[in-house]
Amino acid sequence: MNKHICILFLFLAGGLNSYAQLQRSTILHATGGKGEILVFPRGIQQSSGNVSYLLAADSGNTFALIPLIKEANDHKSKVPVLKKPWLTVHGNVMYDLYYQSGVDTPYQQKDVYQHTLTTYLDITVKDQYPVRVAFSTTRGNSAMFRNITGLNLQYTNRDFKSILLNKLQSYDAGRNLRLQELEQYKAQMDIKSMEISRLRGWLSSPAQLQRIVEERERKLYKTNKAPSLDSLSRPYLNALLHYKKLPSDSGLQHFEDQYATKGKQLDSLEKEWNQMEQKYREQQKKLGSGKEDLMSAVMNSKNNKDLADKLHAMDLPDTVLPKGYKTLLAIKSFGIGRTMVNYSELTAKDISIQGVQLEYNPSYYVAVATGVIDYRFRNYIVNSNRPKQYLNLFRVGIGMKEGNNLIFTYYTGKKQLYNLNTSVDSASSPDYHLMGMALEGRWQLTKNTYFTGEVAKSSLPYYRASSSSVNKLNSLFQFNDRSNEAYALKAFSFIPVTGTRINAVYKVMGAGFQSFSMYTTGSAQTAWSVRVDQPFFKQKLTITAAVRQNDYTSQYQQADYRSNTIFKSLQATLRMKKWPVISVGYFPSSQLTKLSDNNYVENLFYTLVASLSHFYKYHGITMNTTLSYTQFYNRQTDSSFVYFNTKNILLNHVMFLGRLTLQGTASAALNREYELYGADGNAQYKINSWLDAGGGLKYSQQTVYNIQQIGYTGNIRMNIPRLGQIELMADKGFIPGVNKRLVSNNTGRVTYTKIF
């Protein structure tokens, strides 16, 4: 019995060994640390698309499918490519009609209507070149607000960079996929290389070489008749005895054919492997090493030139990098129509013009701006007649704007002076023309610290000219007169260890200096400001502190305005996970009051603001609670409002109950003259995906005359497919009026929005 079992075991072992030799088994080491993998190149294969899967088994009897990449058949595997449109347009259009029965300002106006129409179009040409078109117009019946219309066509490298980064992300993801496929292709090459090594080992093994020697000896000593014993020499006899041990002719011939077949197979495999290696090297070169993080290299670029150089070095395909990408990255901005001009402290800052603006910075720097000054910071709220104002500016320099640079600026134009004490003879008209030049330099001391210095000189204003013979150009180049000069120094530093950010500005302006960054002339001024942002406790607490003197400029200030007051501001924000967000701020505020058609006064006072906001869940209900406190540190003589030196407290609570949203608000305004309390409740219900509706009641009580009033509010939103969204709102409330009484204030709004 044991004998039969041993015979059966040897038979099975021999059969398995023969099958393994027949299948040319190859041993691979498993990458997962689970032993060896037995691969059967001639074994079972499953195909799916252009990928074949090879059945493999490891020493633990675990089977796996190894993907093998096949060559695509051109006439069968062509995938239809979607043709991208030449022009893609996305944007929105919005119309808003706003009604207010009474304006809560020192300007007493009633039944004010304002119509506003705006549209923004994001246009992309060939899916690569972005342009933004914006149009807005505002019309109304109020003499306080100007009717403003603006059209703007603008390109910024920020939009182009955004599209480029999206393409790079898609390319990087696709490249990673192709790198994985290339690694699979390399695994297939390794399998073929191991098979080549096995064949080489078989052909060059001592056993096979011995059989070749034996065959050659047989052929050498083989004769047609046997030699006589007398003629046999000793060496010949030994060879004859050895010949008798050689295999038969048929066996030798079979081995010779087998050896030749394996040799041809080796040549064929080596030829295939060489072709695969050439293709692998080409694909590897095209995809890159795969070690560098493409997005990291792009995002860490110091400026647009550095980004362009990195993209050029990566040798990316044309589908990712469009033609002219270096030029488009160098164009920082280009605008036609209503556009903003914001260059430096002493030339032009925060100016809106109707014209053309271009900023170009490949390695040198060029900027051009020309146009009619439309309006400036806040003066759109006063609709008074002003002379036409315009700006022409040219800048040229060396270096990158975000790095070390030196830029020269020349500006000219016409700007109205708002000084009240710079009048001339009524028989003559003021000459509002001005011109100036400035030299600005930026020094990047470290990666996180830089300084900017600027010197400027302008023509003298018309009221300071010593004689009529002193024209604008002559006064610009009179270097013995320092009254029309200005100096500015800016500094920024970031300390990574502590997370501290420091901003500082220092300016000295002569009494006769003019520029489009200043509203007034007539007195020498020194202005400075320092701001520090400091986080604590791993960014949980952020404190911002600032001090400034004469840094607050307004076109309503007197020409000889000069203040020694140092304004302070302080703000702290605390953010902790699962805790309310707490913010406290103390900073100066201002209020504008109209005295007459041509006279305005602006009062400055401090304001304390504190807020607490928390978004949380309670018993499965999502809620948001906000508590705020505001106090104005002004006097009654500073303002026509009755809100002088008032403490305002507001508590708002919102509950999100699925389709239903409930909101309640309680408020109190407290001062020495009166107390005003208010409460309101509002419910908003989402009827379906395209219809929302809501409404509520409002309660107000004033303590001086014990007045109690009840108001209401209502709104509805309809999102009509293909038409757009329509919102209607009506509100009846009460605000403090003259004689400390509550005055009815009705507002209404109709808004239409279409996004496409």
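Numbers for residues simply follow the sequence, beginning at 1. Fair warning: this is a prediction, and the values are worked out from it, not measured in the lab.
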How about [X] and [Y]: do any of their side-chain heavy atoms sit closer than 4.5 Å?
X    : Y    : answer
N745 : Q100 : yes
N152 : Q154 : yes
N141 : V112 : yes
E727 : Q725 : yes
T713 : D680 : no
T626 : S613 : yes
F516 : L434 : yes
Y752 : L97  : no

Could you work out, with side-chain hydrogen bond (donor to acceptor under 3.5 Å, both in side chains) as the rule, every residue matching [X], not counting sequence neighbours?
X    : answer
Y113 : none
S689 : none
H90  : none
D692 : R717

#### Entry: Neighbour count >12 (heavy atoms, 6.0 Å) for atom CZ, R531
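Not buried by this count: 12 neighbours or fewer within 6.0 Å.
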### Query
Quick check: are there more than 12 heavy atoms from other residues, nucleotides or ligands sitting under 6.0 Å from OH of Y618?
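12 or below, so no.
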Looking at every non-hydrogen atom in both residues, tell me the closest pair between [X] and [Y] and how far apart they are.
X    : Y    : answer
R548 : S529 : CB-CB, 3.6 Å
Q514 : P461 : NE2-N, 3.2 Å
Y99  : N746 : CE2-O, 3.8 Å
H614 : K578 : CE1-O, 3.7 Å
K349 : S517 : N-OG, 3.1 Å
F734 : L742 : CB-CB, 4.3 Å

To the closest 0.5 Å, what do you measure between [atom1] ([X]) and [atom2] ([Y])?
X    : Y    : atom1 : atom2 : value
I726 : I720 : CD1   : CD1   : 4.5 Å
M576 : K538 : CE    : NZ    : 11.5 Å
Q708 : Y677 : CD    : OH    : 12.5 Å
L608 : N648 : CG    : CG    : 11.0 Å
T544 : D533 : OG1   : CG    : 4.0 Å
I123 : D159 : CD1   : CG    : 12.0 Å

### Query
Angle class for the Y606/Y586 ring planes (parallel below 30°, perpendicular above 60°, tilted otherwise)?
parallel
Whether the side chain of [X] engages the backbone of [Y] through a donor-acceptor N/O pair (distance < 3.5 Å, no angle test) should be reported.
X    : Y    : result
Q354 : R338 : yes
Q534 : T498 : yes
T119 : N92  : yes

Quick one: do the [X] and [Y] side chains pair a donor with an acceptor below 3.5 Å?
X    : Y    : result
T149 : R139 : yes
Q357 : S333 : yes
T118 : S136 : no

### Message
Pair N652, Q663 - check side-chain contact (heavy atoms from CB on, under 4.5 Å), show working.
### Response
CA-CA 7 Å; N652 178 269; Q663 177 175 322; 3.2 Å; yes
### Message
Run the salt bridge (charged side-chain N to carboxylate O under 4.0 Å, His left out) test against D731 and tell me which residues pass, sequence neighbours left out.
### Response
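D731 satisfies salt bridge (charged side-chain N to carboxylate O under 4.0 Å, His left out) with K698 only.
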### Message
Quick one, T347 with S515, criterion side-chain contact (heavy atoms from CB on, under 4.5 Å). Give me CA distance, side-chain angles, the key distance, then yes/no.
### Response
CA-CA 5 Å; T347 57; S515 79; 5.7 Å; no
### Query
Can you check side-chain contact (heavy atoms from CB on, under 4.5 Å) on Y432 and Q389, steps first, answer last?
CA-CA 9 Å; Y432 290 128; Q389 305 174 76; over 6 Å; no
#### Entry: Worked verdict on T646 versus T630 for side-chain contact (heavy atoms from CB on, under 4.5 Å)
CA-CA 8 Å; T646 300; T630 305; over 6 Å; no
### Message
Just to verify, what does F492 make a ring-ring contact (aromatic ring centres under 6.0 Å, His included) with, not counting sequence neighbours?
### Response
Y450
